[in-house]
Amino acid sequence: MRYDLVIFDNDGVLVDSEPISNRLLAAYLTELGHPTSYEDSLRDYMGAAMHRVHDLIRERTGERLPENFDDVFHGRVFAAFERELKPVDGVVGVLEKLAADGVPYCVASSGSHERIRVGHRTTGLDRWFDDGRIFSSEDVGRGKPAPDLFLHAAERMGVAPQRCVVVEDSPLGVQAAVAAGMDVYGFTAMTPAAKLAGTTGLFSDMQELAGLLG
C-alpha cells in the first residue's frame, strides 16, 4: 500500500445517495419557484455543501431560500434514504480489504454529520466508521472545492497530505483534493471522466479500486 490514509467521499462513493438527493433537490427548488432539472442539480450541486445551493440561488435570482430550507430538504432526503438507500456496489469489499491490511481510512463529506450517520446506519456502513473516522464540511469554514476539509481530516488522522489519497466522484471534490496536495482517484459511475480532470486515475467499478490503491 503506497498511501498512509485513504479518504473517502461519502455520497456516491460509499452510499448510493446522489440519485436520491439530487432528484429531491431538483423537485424542491422547482416547487419553490426555481425551475431545476435532475441534470441541473447534478451539474451545479453534486459534491457540494448546502451553502452552495443557497449561494447559487441568491446569485442567480437575488432571492433567498426559506430559512427552513435545509431542514425540510433533509427531512425528505432522510425519509427517502430509509426506503431506498444502499451502499455503493463493491465498497464493502474495499473496506474489508483496508481493514484486513491495517490501512487507515476515513470519510470526508460535504454532507452534515447527521446526513453521513443516517446514511451509514441505513446501509450498515456504520460498522466501518466510528466517530473518529467521520469528517464533515460542518467541521471547517469552507466546503469543497476548498481543500480545508481534506486537510482537516488528514491532520486529525495524523497523516501528511502527500501521504493521503482521496476517492471522489464529483468535480468539486477532485478540485479540493488536488488543492490539498493529495492524490485522487475519480469514480466515474455517475460522472463522465472528462469532468474529473486532474485525477491521479479513474475507475468505473469499485472492484478496480483496491488495485489502484496498492
Side-chain angles (χ1 to χ4, degrees), residues 1-19 21 42 46-49 85-111 115-116 119-120 123 125-129 132-137 139 143-157 159-214:
M1 183 70 175
R2 61 180 184 271
Y3 300 104
D4 296 335
L5 177 65
V6 180
I7 304 176
F8 291 96
D9 175 45
N10 188 57
D11 294 293
V13 172
L14 294 176
V15 295
D16 194 14
S17 53
E18 293 290 9
S21 58
L42 288 176
M46 182 173 166
L85 192 63
K86 297 178 180 178
V88 168
D89 284 344
V91 79
V92 170
V94 174
L95 295 171
E96 287 175 341
K97 186 173 190 321
L98 292 176
D101 292 346
V103 178
Y105 63 88
C106 64
V107 57
S109 171
S110 292
R115 178 183 172 122
I116 298 167
H120 286 191
T123 58
L125 291 183
D126 54 340
R127 64 173 293 209
W128 300 101
F129 292 92
R133 297 179 190 266
I134 298 176
F135 305 100
S136 160
S137 62
D139 303 331
K144 305 169 188 178
D148 304 36
L149 176 56
F150 289 139
L151 292 173
H152 170 70
E155 181 181 11
R156 290 291 300 274
M157 296 293 290
V159 178
Q162 62 269 24
R163 298 297 305 155
C164 299
V165 61
V166 175
V167 184
E168 263 288 354
D169 72 330
S170 75
L172 294 175
V174 169
Q175 292 171 40
V178 171
M182 300 175 181
D183 281 1
V184 53
Y185 286 98
F187 185 36
T188 61
M190 282 193 61
T191 307
K195 293 188 176 182
L196 297 178
T199 57
T200 308
L202 298 166
F203 66 103
S204 60
D205 187 316
M206 275 293 166
Q207 294 184 15
E208 304 171 51
L209 182 57
L212 294 172
L213 298 177

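Under the 3.5 Å distance criterion, the side-chain polar atoms of Glu208 are matched with a main-chain donor or acceptor of Asp205. Side-chain N or O atoms of Ser170 include one that pairs as donor or acceptor with a backbone N or O of Gly173 at under 3.5 Å. Looking at Ser137, its side chain does come within 3.5 Å of a backbone N or O of Ser110 through a donor-acceptor pair.
Heavy atoms only, all atoms of each residue included: Gly12 and Ser17 are closest at N-OG, 3.8 Å. Considering every non-hydrogen atom in both Leu172 and Ala48, the closest pair reads CD1-CB, 3.5 Å. When every heavy atom of Pro161 is checked against every heavy atom of Ala180, the shortest pair comes out as CB-O, 3.5 Å. Closest approach of Arg163 and Arg2 over heavy atoms only: NH2-O, 3.0 Å. Of all heavy-atom pairs between Ala193 and Leu202, the closest is CB-CD1, 3.5 Å. The two residues Val13 and Met206 have their closest heavy-atom pair at O-CE, 3.3 Å.
Aromatic pair Phe203/Tyr185: ring centres not closer than 6.0 Å. Ring centers of Tyr105 and Phe129: under 6.0 Å apart, within the cut-off.
Among residue pairs with one or both ends in residues 88-103, those qualifying as side chain to side chain donor-acceptor pair (under 3.5 Å) are Lys97-Asp101; sequence neighbours excluded.
Val178 meets the side chain to side chain contact (heavy atoms under 4.5 Å, CB included) test with Val174, Val184; sequence neighbours excluded.
Pro171 has its side chain within reach of Leu196: a pair of non-hydrogen atoms, C-beta onward, lies under 4.5 Å apart. The shortest side-chain heavy-atom distance between Leu213 and Val165 falls under the 4.5 Å cut-off. By the 4.5 Å heavy-atom criterion applied to side chains, Glu168 and Phe150 are counted as neighbours. In this structure, Phe8 and Leu209 have side chains that are in contact, with non-hydrogen atoms separated by less than 4.5 Å. Using a 4.5 Å cut-off on side-chain heavy atoms (C-beta onward), Val6 and Val167 make contact. Within the 4.5 Å cutoff, no side-chain heavy atoms of Arg156 are placed close to those of Cys106. At a threshold of 4.5 Å between non-hydrogen side-chain atoms, the residues Lys144 and Leu149 count as touching. Contact of the Pro104 side chain with the Val159 side chain is not registered, since no non-hydrogen atoms from C-beta on lie closer than 4.5 Å.
For Gln207, the CD atom sits in a loose shell: 12 or fewer heavy atoms of surrounding residues, nucleotides or ligands are nearer than 6.0 Å.
One distance of note links NE2 of His152 with CE of Met157; it measures 11.0 Å at 0.5 Å rounding. For the atom pair CG of Asp9 and CD of Glu18, the computed distance is 7.0 Å after rounding to the nearest 0.5 Å. Atom CZ of Phe135 is separated from atom CG of Leu151 by 12.5 Å, given to the nearest 0.5 angstrom. Note that CZ of Phe187 is 7.5 Å distant from OG of Ser204, once rounded to the nearest 0.5 Å. In this structure, Lys195 NZ and Leu42 CG are separated by 8.5 Å, a value rounded to the nearest 0.5 Å. Distance check: Leu125 CG to Leu95 CG gives 6.5 Å after rounding to the nearest 0.5 Å.
Under 3.5 Å, the side chains of Ser109 and Arg115 contain no donor-acceptor pair of N or O atoms. Side-chain contact annotation: Thr191 with Asp169, donor-acceptor N/O pair under 3.5 Å absent.
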**Study point:** Verdict with reasoning, Asp183 to Cys164, per side chain to side chain contact (heavy atoms under 4.5 Å, CB included)
**Key:** CA-CA 7 Å; Asp183 281 1; Cys164 299; over 6 Å; no

